[in-house]
Every structure is written in structure tokens, then in C-alpha cells.
Amino acid sequence: MKGTITVSPVTRIEGHLGVKVETDGTRVTSAQVVGEMFRGFEQILRGRDPLDAQQITQRICGVCPVEHGIASITAQDAAYGVVPPDNGRIVRNLIQAANFVTSHLTHFYLLAGLDFVDLAQVTTYTGRDPALVGLRDWAKSQLASATVNPVGPFLPQFPAQLISDPALNIGVIKHYLDALEMRQVGHKLAAVFAGKMPHAATLVPGGVTEQVTAIKIVQYRALLGRLRTFVTESYLPDVAAVAAGFPDYFGLGRGCGNFLAYGVFPESSGSGGRFLPAGAIIGDRLQAVNVEAITEDVRYSWYSSASGRKPAQGETTPDPNKAGAYSWLKAPRYDGQVVEVGPLARLLVAYRDGSRPAVKTAVDDLLKAIGREPKDLVSMMGRHAARALEARLLVDRCTEWVEQLVPDQPACADFTIPDSGQGVGLTEAARGALGHWIEIRSRKISNYQCVVPTTWNCSPRDDRDRPGAMETALIGTPVADPKQPIEVARVIRSFDPCLACAVH
Ligand code: NFE
Ligand code: MG
């Protein structure tokens, strides 16, 4: 029977994402992804001192604050013509990478991976692990009182195909508990050079304010070692095992097939390469990124400002009564195309680019272990695999970056804020391509525009009526039970959406 299903809220953090899907009785035939909230950061920034921007924009989100800070200071570096010294560049990488890894393991263990785990198994746990015993008793009490809630953190859960191997299942549940502690380790790791987390205090144009000392290098090394052990011995193996156990999910949620990555983690000062390179894959062809090809449509967004603008000339004028609109997200497009951003986009661009042997080896090793091909990565399960692979690549690369720091050498270069100027900061957040555009007049911010990963992925239809990346990925998703659309939820969560960011 045909029908409409609304899932709202759908994410376990950063709510206010609603998804409405039409089905023909068995599969999704069309989807509307709705950003249900307006925030107004771009207005808040107008008229402010430019140096407020990296602090204010970090408040867009508690999950990826560091990346907003980095995008902001990168835009300001460009506007002021300042180049961070090597220590400053490397410290930025170390803070940002720590945040990526923390975000990725949070997503798998706390936000989306639990959809694959048979959580009820913990209620019959007979082993002696004190953490699991505690969880068992708590879970039983939850089950006694709760009803099924698609965003509930634990039990009860939607009925679905779950991990069938009991040993793997209980192992992932144990790692869920470990991941709570690893989040703390990841935050401490970033805070070694960020001063504090989640909102980093040390990010400034020209570098970072934190001094590089031998003791901080030792601290970073020690915490990184713990995180690295968890990523290599728990996270990546768990994702590989889940991926191997759900072969059908490599055919689900494939999406628009176009990908965009701005590149992240500069490996040298100035315009040198980035550890994860920039690139756009459009119609299966890898191209260099052209910042001028980025525009934002608002035909279906609750804004009265002009549609199709480049971000440098962007406007954000809310109009909650706009006829035909259905989301507070704008619809970013690249060269007019719908694109997907995120860890999968970064991995595919790096794999195709070929200049990073570590990426190729990591991807090929995983695919071989689970009996898959590169094309299978473009899927719901591929997004999980890409995240875990990226975490692995980053904990490894961080062990090398931290050794490149030189104690007691400068981490920041001087700069002067010009009377007027403009700059673009393109980087990557855990969830994908992130850009900040700053314009300065009379030494104040005259315009500030953010184009954010989840805005790309969760965008509404554009001026030509083409659905956004997630709206496209949902089409064809099977719906076994319209009251409990677990497959729809799994496809949505594979993008790790953050609506707080997307609307900003
Ligand atoms: Ni609020 Fe954010 C998004 C990420 S943008 S989580 O979308 O990652 O910096
Ligand atoms: Mg914006």
C-alpha cells in the first residue's frame, strides 16, 4: 500500500532533522529531508570584530567545533595574507585529527552502529565483566518501562536483522562502553593543544596560541597511543566484521554518485598538498576543486534572499512563511550538481587521486578482508567503512606529525587585520567539506557565510527540482514495516547528519 512515513527526530544527537518518505508499499519512492530549526549564526557575525569569528562559529556545534574554528582562521589567514609556521600548521592538524577520530568512533558506537547490534543480548549476559554486568542491570530496568523509540540511546530497539554472531555482538557492546571512555581520551588529546574542548581556545589566524613544549608532545603521544590502540584493535575490526555480516547493505543508500572534498591536513606551509587531497568526482570523473563552482539555491528553503548565489555574495534572510519551502537548509550545489560530502567522498577522492599510498593500501586491505570491491564503498555500509578507515589513517599519521613538532619554536605568525578584505577557508569537518567565507569592511565583519557538510548532504531540492544527496540516497530503500522503518533510519544515519551545523 502506498503511503507517507515521517521519521522525526531521527538522529541521536543534534536533532531537528525530520525525514518524510513516500513509499509504494515496499520501497521509498521519494524523500524530503527537513531542517526543522533556524539559528542565525551568519547574522550574529555581522558587525563583529573578525577575531570573534573563530570563537563564535565554534558554537555552531559541540561535535565539530574545531573544524569551524579551523575554517574560520583559514579564511582569516587568507584575508590577512598570513602563513602559519610549521609548528602552527602541525598543531592545527593534531587538534583537528583528534576531533575527527573522536567524532567517528562516537558515530559508530553511540549513534549509528547500535542499529546493527542485538542489544537485548546484554540482558541475558552471564559473564563477569563488571561494565557489562552494570549495563545488563540498567538495560533490564529500561526494558521494563520504555516503548520503542527510534532515537533511544539503547533498548528497546526497532526489530531488524542484527549481528548474528553472539561473540561479536557482545564484543561490540563492550566496545560501546569503551567508546564512552575513548571519547574522553579523544577530547583530552585535542585539548593538549586546544587548551580545552569541545570549543578550542587556542585557534587564531597565523597559527595557534599554544606553545609547543616537550611536555605537551609527550602528553599528546601518550593519549594518542591509547586512542590508536582502540581504533586499530576495536573500531576498525568491529566495522569490518559488521560490514562482512551485512552484505546487502553495500547495495543500499548508494546516493547521487557525485562527491566533493576540499582536502584537509596541510602537509606543508603555503599552498602545499594536504594529507587527504581535494577533488570533485562528477559523473565518475575526478576534477580539481573550483571554489567558484559553489552556489546555494533557496527555492525550497525558508529564505527570501536571492537564490543561486556564490557564498562570497551570499545572504541569509529568513522567511518562515515562504510558500513551497520545506527546510531551513539551503541547497548547495557544485557546478550545478548534487554532490555528497564526507569521509566516503574524501576516501574516494584520495583513492582515485593515487598520490597517497597509505590510503590505497588501507582501502585495498579492508576490501580484501571483507570480499568487496571499491565500487561497493558507494553505499550505506561503505560510509561506515570509510569513517573507520579514515580514523585508522589519522591515528597513524598523527604519530608522525607529533614527531615533526619542534619544541619552543614559534607556533604563530604576526598579522594585521586590514581595513577591508576577504578570504575563503576551505577545510573538511568529520562530516565533510566545510567552507567559511569572510568579508571585512572598516575592520569589522561585513558578511560571513558558512557552507557546511550536512547542508550539502541533507539539502532540500534545488531550483531545478533535483533532490539533495540524502534525498536521492533514500530512494529505493526497502520498508518492511512502515511503523518501524529501520532501513530508512540506517541510510539516514550512514551520513552522520548534524542539523545544528547544517542550519547554522
Ligand atoms: Ni555539527 Fe559538522 C557538520 C561536522 S560542520 S557536526 O555538518 O563534522 O563543521
Ligand atoms: Mg550558510
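Computation of the quantities below employed the complete heavy-atom set of this structure, encompassing side-chain atoms and omitting hydrogens, waters and symmetry-equivalent molecules. Counting convention: from 1, in listed order, for ligands and their atoms alike.
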- Query: Taking C-beta and beyond as the side chain, do V185 and F230 meet within less than 4.5 Å on heavy atoms?
  - Reply: no

Anything under 30° is parallel, anything over 60° is perpendicular, the rest tilted; go ahead and classify [X] against [Y].
{"X": "F116", "Y": "F246", "value": "perpendicular"}
{"X": "H436", "Y": "Y448", "value": "perpendicular"}
{"X": "H384", "Y": "H107", "value": "parallel"}
{"X": "Y109", "Y": "H175", "value": "perpendicular"}

Numbering as shown, the atoms of ligand 1 that approach [X] to under 4.0 Å (heavy-atom distance):
{"X": "L434", "result": "9 (O)"}
{"X": "A429", "result": "4 (C), 5 (S), 8 (O), 9 (O)"}
{"X": "V452", "result": "3 (C), 5 (S), 7 (O)"}
{"X": "C498", "result": "1 (Ni), 6 (S)"}
{"X": "A430", "result": "8 (O)"}

- With a cut-off of 2.8 Å, which protein N/O/S atoms are close to the Mg ion (ligand 2), if we only count those under it?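 E42 OE2, C450 O, H504 NE2, with waters left out.
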
- Item | atom 1 (Ni) of ligand 1 to nearest N/O/S of C61 less than 2.8 Å |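 Of the N, O and S atoms in C61, at least one lies under 2.8 Å from atom 1 (Ni) of ligand 1, which means yes.
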
- For atom NZ of K20, decide whether the heavy atoms of other residues, nucleotides or ligands shown that lie under 6.0 angstrom number more than 12.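 At most 12 heavy atoms, drawn from other residues, nucleotides or ligands, come within 6.0 Å of this atom.
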
- Step through the shown structure and confirm whether more than 12 heavy atoms of other residues, nucleotides or ligands are within 6.0 Å of CZ on R441.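 Yes, CZ of R441 has more than 12 neighbouring heavy atoms, counting only those of other groups under 6.0 Å.
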
- Task: Would you check if the side chain of K322 reaches a backbone N or O of S304 as a donor-acceptor pair within less than 3.5 Å?
- Result: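 No; judged by distance alone, with no hydrogens or angles, the pair does not exist.
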
- Tell me, please, if H68 has any N/O/S atom, main chain or side chain, under 2.8 Å from atom 2 (Fe) of ligand 1? no

- Task: Decide whether T106 and R183 meet the rule of one side-chain donor and one side-chain acceptor closer than 3.5 Å.
- Result: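 R183 and T106 do have a side-chain donor-acceptor pair below 3.5 Å.
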
